[in-house]
There are 2 protein chains.
Amino acid sequence: MRVNGQRRTTIKDVAEAAEVGVATVSRVLSGTGSSSPATREKVMAAAARLDYRPSALGRNLRRQRTGGIGLLIPDITDTFYGRLADGVLTCAQSAGEPVMIGTTGDDPEREAELIGSLLEESVERVIAVPCGDGEMWGPAFRAGLSVVFAERPVQGRENVPSVVTDDRTGVRTAVEYLAGLGHRRIAFLARHGQAQRVRAFRESLAALRVPVDDELIVYAHASRDSAYAAAAGLFQHRPDLTAVLAGGNILGEAAVLAAKELDFRVPRDVSLIMFDDVPWAELCSPPLTVISQPAQDMGYRAAELVLREGRRSRTVMLPTELIVRGSCGPRR
Amino acid sequence: MRVNGQRRTTIKDVAEAAEVGVATVSRVLSGTGSSSPATREKVMAAAARLDYRPSALGRNLRRQRTGGIGLLIPDITDTFYGRLADGVLTCAQSAGEPVMIGTTGDDPEREAELIGSLLEESVERVIAVPCGDGEMWGPAFRAGLSVVFAERPVQGRENVPSVVTDDRTGVRTAVEYLAGLGHRRIAFLARHGQAQRVRAFRESLAALRVPVDDELIVYAHASRDSAYAAAAGLFQHRPDLTAVLAGGNILGEAAVLAAKELDFRVPRDVSLIMFDDVPWAELCSPPLTVISQPAQDMGYRAAELVLREGRRSRTVMLPTELIVRGSCGPRR
DNA sequence: CACCCTCATGGAAACGATTCCATCATGGAT
DNA sequence: ATCCATGATGGAATCGTTTCCATGAGGGTG
């Protein structure tokens with residue numbers, strides 16, 4: 001309900017004011033087709049005078065698609081995804097594209113709903129941190145929209161362009177670093193869905209001839225509570241562990257907290273290393289040694305990919321970096 | 001460009017399949033108007049059979065507005081705004097409304113651009129953490145969209161519904177707590193735009209008959225770098241201060257870091273207290289005493305307000321809470 | 001001088017939904 | 001038996017833009 005009677009100025013108003021046809025206005029303003037300098041001038045002047053802004057609604061309907069980018073992430077509260085989203089927004093905003101965001105909470109069902117919602121809006125470009133299997137994405141591909149996966153690849157959708165971290169190398173670097181300090185009972189605190197990292201963890205241990213202890217690989221859901229429960233359980237069940245590798249910043253946070261509460265001293269009693277560098281890692285004492293991931297860059301690259309829909313693009317793998325601070329020490 | 005020749009199923013297809021008119025289909029599916037049970041049945045069946053999803057494009061154009069909520073925040077990387085956004089998303093998603101997000105970087109110019117972009121998309125509901133003066137919002141109000149401000153009120157737009165924190169009480173509580181511990185040279189590390197909190201800071205000191213020292217009030221921009229520079233400058237310029245109140249989590253982070261780097265021991269040399277409770281506050285040593293703000297709730301409430309556009313709604317003020325941990329001690 | 005090619009231009013169709021309005025049927029009240 | 005109110009229904013207009021197509025003007029070439 002429009003409060004004041006002001007109808008929106010349309011292309012028709014501009015056409016009348018400039019004394020030309022609507023088609024001409026459209027051509028001039030969108031830069032397509034040809035037009036004489038004189039007409040161009042008139043149209044521009046009229047548009048400026050009337051403060052005309054084309055309506056995305058009309059354009060979208062005619063073009064049969066909504067501009068902009070859909071962005072699906074598990075949790076906007078997790079700074080990793082926050083930085084990823086920031087990268088997407090930076091790229092999208094500099095391209096003038098609006099971004100529709102949704103959080104899945106790592107729940108395939110919510111993911112499916114959000115995909116449906118994007119379809120309904122005719123959004124045709126989506127960046128997603130997928131949480132379901134490839135199943136949910138069937139309708140999306142059938143509808144012809146272009147998807148880029150971020151952070152995680154999806155089994156069975158290998159041909160979908162993705163931007164992921166080099167999990168194998170990241171995990172291997174961490175494990176080798178810890179093993180080099182003498183650790184052999186190394187735990188991995190993982191989030192469900194980090195199968196890739198767990199596999200890399202096993203392989204890295206095997207390569208170093210360290211026996212894999214299944215009890216030292218524990219899983220948590222995405223929430224802070226679940227992460228804390230997993231971490232605390234790990235410390236209590238297996239007080240003989242000497243090092244913990246956390247698969248993400250929420251898990252790392254939980255590990256630090258659990259160690260603190262249960263009086264494990266870091267790094268004397270236990271060495272800690274965490275995936276993802278976050279600002280507070282420097283604030284802990286001791287400051288946390290981390291495997292940093294270029295989250296912001298990941299988002300930016302994903303946005304670039306999805307905007308240059310034209311060329312076929314394979315998946316991009318971004319490097320990690322071991323940042324040694326103070327949370328790892330020699331085996332006690 | 002549709003890859004496969006599959007045209008989208010439209011309301012017309014459903015009408016044909018159900019052997020009724022398009023108007024009837026629209027009425028049945030949107031629940032408006034009246035229709036006989038038999039027709040309803042037929043239409044529902046046909047819609048389900050064809051897997052019909054109404055196109056938001058057509059609806060939006062006809063209705064002259066885009067559903068959903070526009071969300072403008074300064075920085076998605078700042079966990080405060082992350083939680084605020086999470087609140088908005090939670091409410092919006094449970095109402096089935098899509099959310100368009102944009103980050104202003106606390107730059108009025110970008111804010112104006114984003115407002116323009118929302119106007120272009122005919123988004124008619126906006127939640128914003130405003131950074132400019134009321135000026136930028138003129139076009140938005142003129143276009144008749146309903147706006148809710150979050151976190152900060154805007155001078156000259158007092159009649160716009162807002163959801164804000166009770167800055168006065170929050171600041172006063174912090175100052176009284178510090179003064180109660182014997183501190184008199186208390187610094188305030190503020191972000192530009194926190195005039196409200198600075199005013200409350202001055203008033204609180206005055207009420208306690210503590211002289212206000214202008215040099216102890218320093219300002220930073222929203223970035224981490226600027227915050228760190230301000231914090232470090234403060235410690236170096238005025239090593240005689242005994243307590244610092246940080247106006248937000250980025251500023252608090254900077255204060256902790258600067259204190260650490262410059263060898264100020266917390267809380268022996270300096271007491272620290274920060275606006276906004278964040279997960280890492282417990283991880284520091286000593287754990288940080290904070291004034292918590294219900295960021296998630298703030299977002300949720302703002303979304304509620306903007307969705308119930310109907311009733312006139314005044315601004316909501318949310319309480320803060322002092323959470324005492326270990327970063328404040330008696331004056332040295 | 002005739003012809004054709006190019007460029008500029010405007011009218012009108014299309015996109016997919018909602019909604020106004022006219023039509024028709026049905027049933028109850030007079 | 002007649003009339004009116006009510007309910008169900010479909011055709012057509014509408015929203016604002018893009019784009020197809022036809023038209024006309026103008027200039028260069030044969």
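Residue numbers start from 1 in every chain, and the chains themselves are labelled A, B, ... in the order their sequence lines are given, proteins ahead of strands.
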Requested in this report: Ignoring hydrogens and angles, tell me if any N or O in the side chain of A/Glu111 forms a donor-acceptor pair with the backbone of A/Cys131 under 3.5 Å.
Outcome: yes
Could you list, one pair per line, each protein nitrogen or oxygen that sits under 3.5 Å from a nitrogen or oxygen of nucleotides 19-27 of chain D, together with the distance?
{"from": "D/dT19", "atom 1": "O4'", "to": "A/Arg62", "atom 2": "NH2", "distance (Å)": "3.4"}

Query raised in the report: Would you say the side-chain atoms of A/Arg53 pair up with the backbone N or O of B/Glu120, donor to acceptor, closer than 3.5 Å?
Result: no
Query raised in the report: Could you state the CG-C1' distance from A/Asn60 to C/dG16, rounded to the nearest angstrom?
Result: 13 Å
Query raised in the report: Please give, in whole Å, the distance from D/dG16 P to A/Glu16 CD?
Result: 13 Å
Requested in this report: Please work out if A/Gly58 contacts a base, only the sugar-phosphate, or nothing of the nucleic acid, heavy-atom cut-off 4.0 Å.
Outcome: base
Requested in this report: Kindly say whether A/Gly102 contributes a backbone atom to a donor-acceptor pair with the side chain of A/Thr104 at under 3.5 angstrom?
Outcome: no
Requested in this report: Could you tell me whether a side-chain N or O of B/Thr90 sits under 3.5 Å from a main-chain N or O of B/Asp86, the two making a donor and an acceptor?
Outcome: yes
Requested in this report: Measure from CD on A/Glu120 to C1' on C/dG16 and round the result to the nearest Å.
Outcome: 13 Å
Query raised in the report: Are the side chain of A/Asp13 and the backbone N or O of A/Thr10 linked by a donor-acceptor pair below 3.5 Å?
Result: yes
Query raised in the report: Is a donor on one side and an acceptor on the other found under 3.5 Å between the side chain of A/Glu158 and the backbone of A/Gly156?
Result: yes
Query raised in the report: Between A/Leu29 (CG) and D/dT18 (P), how many Å, whole number?
Result: 8 Å
Requested in this report: Could you tell me whether a side-chain N or O of A/Ser35 sits under 3.5 Å from a main-chain N or O of A/Arg40, the two making a donor and an acceptor?
Outcome: no
Query raised in the report: What orientation do A/His192 and A/His221 show, parallel under 30°, tilted 30 to 60°, or perpendicular over 60°?
Result: tilted
Query raised in the report: When the distance from CZ of A/Arg59 to P of C/dG16 is rounded to whole Å, what number comes out?
Result: 18 Å
Query raised in the report: Looking only at atom types and distance, does a side-chain atom of B/Thr66 sit under 3.5 Å from a main-chain N or O of B/Glu121, one as donor and one as acceptor?
Result: yes
Query raised in the report: So does B/Tyr52 get a side-chain nitrogen or oxygen closer than 4.0 Å to the phosphate oxygens (OP1/OP2) of C/dG16?
Result: no
Query raised in the report: Where do A/Ala150 and A/Pro130 come nearest, in terms of heavy atoms and distance?
Result: O-CD, 3.7 Å
Report task. Specify the separation, in whole Å, of atom CG of B/Leu61 and atom P of D/dT17. Result -> 9 Å
**Report entry** Distance in angstrom units between A/Leu57 CG and D/dT14 C1', rounded
**Finding:** 13 Å
Query raised in the report: In residues 36-51 of chain A, which ones come under 4.0 Å of DNA chain C, going by heavy atoms?
Result: A/Ser36, A/Thr39
Requested in this report: Have a look at the helix from C/dC1-D/dG30 to C/dT30-D/dA1 and give the angle its two end axes make, five pairs each, rounded to 10 degrees.
Outcome: 60°
Query - Closest heavy-atom pair and its distance - B/Arg152, B/Val129 - result: NE-CG1, 3.6 Å
Report summary line: Between CD1 of A/Ile11 and P of C/dA12 the distance, given in whole Å, is 16 Å
